[in-house]
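In what follows, chains carry the letters A, B, and so on, assigned in the order in which the sequence lines appear, proteins first and then strands, with residues in each chain numbered from 1.
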There are 2 protein chains.
Amino acid sequence: MSDELLRALDQAGVRLTGPRREIAALIAKRNGHFTAADLIADASKRRLGVGRATIFRLLDLLAEQGLVERVDLPDGRHAYVPCEPSHHHHLVCVSCGAIAEVDDCGIDAVTAEASRRSGFSIESHRLELFGRCPNCRSAN
Amino acid sequence: MSDELLRALDQAGVRLTGPRREIAALIAKRNGHFTAADLIADASKRRLGVGRATIFRLLDLLAEQGLVERVDLPDGRHAYVPCEPSHHHHLVCVSCGAIAEVDDCGIDAVTAEASRRSGFSIESHRLELFGRCPNCRSAN
DNA sequence: GATTGATCCGATACTTAGTCTCATTAGAGT
DNA sequence: ACTCTAATGAGACTAAGTATCGGATCAATC
Ligand SMILES: [Mn+2]
Ligand SMILES: [Mn+2]
Ligand SMILES: [Zn+2]
Ligand SMILES: [Zn+2]
């Protein structure tokens, strides 16, 4: 349900407008990752009158709040996934686009080692794992 | 020097054309990451007559050969870094754009654990580390 | 060194993602 | 209900990237 997104937006002190409710519903209805273009297509299919720019604006806002996270697909597309606001990483199914979240399982040791070897101080990292989800594994 | 790129291209069995030599030289002259737009600007500044499309085409080709790798910057831009063809990851200096390469230091354990928890089979991963290089650390 | 054919080229048109501006609307606190 | 500001949709605009195509050029062969 989109209630979660809306509640979090309310929390963030921004207005709960009509278009935002509608777009949030579209996002909630999706599974796996989606692009801005997907949402724009959804919206126009349902004849919601929301403007293109409004969708980009809401995605930015949600990303700032950590409610949605940007994923760079291997093919170069920019997608988003609905998200817990805490730090974690994403498993992306290359077959169906399903997403699983994993929290840090040992990454900190890796970054510490990389820092030691390179002399860099590490401020942030991005780890994306690509593979096949349980469904797609058994389906084939 | 760009000789390394050219040798590798030759190895790959493609033609060593004039434009490719010139673009390779531009890449070799860069340090840190660069975007297609950077190269296009470099080329036009030097009045090389190379076409925009040729630059995109060579970047694709180099990326296929693993001589250059695409990095998705935190701000969403697509950049490239000159690269060893073997698997490894990149440390990106958020201040000056310098790059260091680190090979797998314990990532496999992380992906194995993520796979166990999620049921995904993991086929590939992408790890990017962002921070400050030794130069930029001491410069401030 | 000339011939030749596939590869590669630049020009140009096109598509798509994303941003910006601005006049109008509508949310939320009073 | 009133008000003031945040947010909206329309549309122009920019920038990234792709597709097409006739002409140039590389490199293998003779
Ligand atoms: Mn997430
Ligand atoms: Mn590299
Ligand atoms: Zn799947
Ligand atoms: Zn630096």
side-chain hydrogen bond (donor to acceptor under 3.5 Å, both in side chains) pairs, two or more places apart, involving residues 34-60 of chain A | A:Arg30-A:Asp42, A:Thr35-A:Asp38
With sequence neighbours excluded, give me every side-chain hydrogen bond (donor to acceptor under 3.5 Å, both in side chains) pair touching residues 110-122 of chain A.
-> A:Glu113-A:Arg116, A:Glu113-A:Arg117, A:Arg117-B:Asp103
B:Arg70 side chain to A:Pro74 main-chain N or O, any donor-acceptor pair under 3.5 Å?
-> no
What string of B, S and - do you get for nucleotides 13-19 of chain C, 5' to 3', when a contact is any protein heavy atom under 4.0 Å?
-> ----SBB
All N/O donor-acceptor pairs, side-chain side in residues 9-18 of chain B, below 3.5 Å, sequence neighbours left out:
{"from": "B:Thr17", "atom 1": "OG1", "to": "B:Arg20", "atom 2": "N", "distance (Å)": "3.4"}

Quick check: are there more than 12 heavy atoms from other residues, nucleotides or ligands sitting under 6.0 Å from CD of A:Glu123?
-> yes
Enumerate the residues from residues 5-34 of chain A whose closest heavy atom to DNA chain D is under 4.0 Å, giving them by residue number; use none for an empty result.
-> A:Val14, A:Arg15, A:Thr17, A:Pro19, A:Arg20
Given the rule that I, L, V, M, F, W and Y join up when any side-chain heavy atoms are under 4.5 Å apart, are A:Leu129 and A:Val92 in one cluster?
-> no
Starting from P on D:dG17, measure out to CZ on B:Arg77 and report it in whole angstrom.
-> 11 Å
Report which part of the nucleic acid A:Gly76 touches: base, sugar-phosphate, or nothing (heavy-atom distance under 4.0 Å, all strands).
-> nothing
Can you tell me if B:His89 and B:His125 form a side-chain donor-acceptor pair at under 3.5 Å?
-> yes
When you compare the protein's N or O atoms with those of nucleotides 1-4 of chain C, which come within less than 3.5 Å of each other, and at what distance?
none

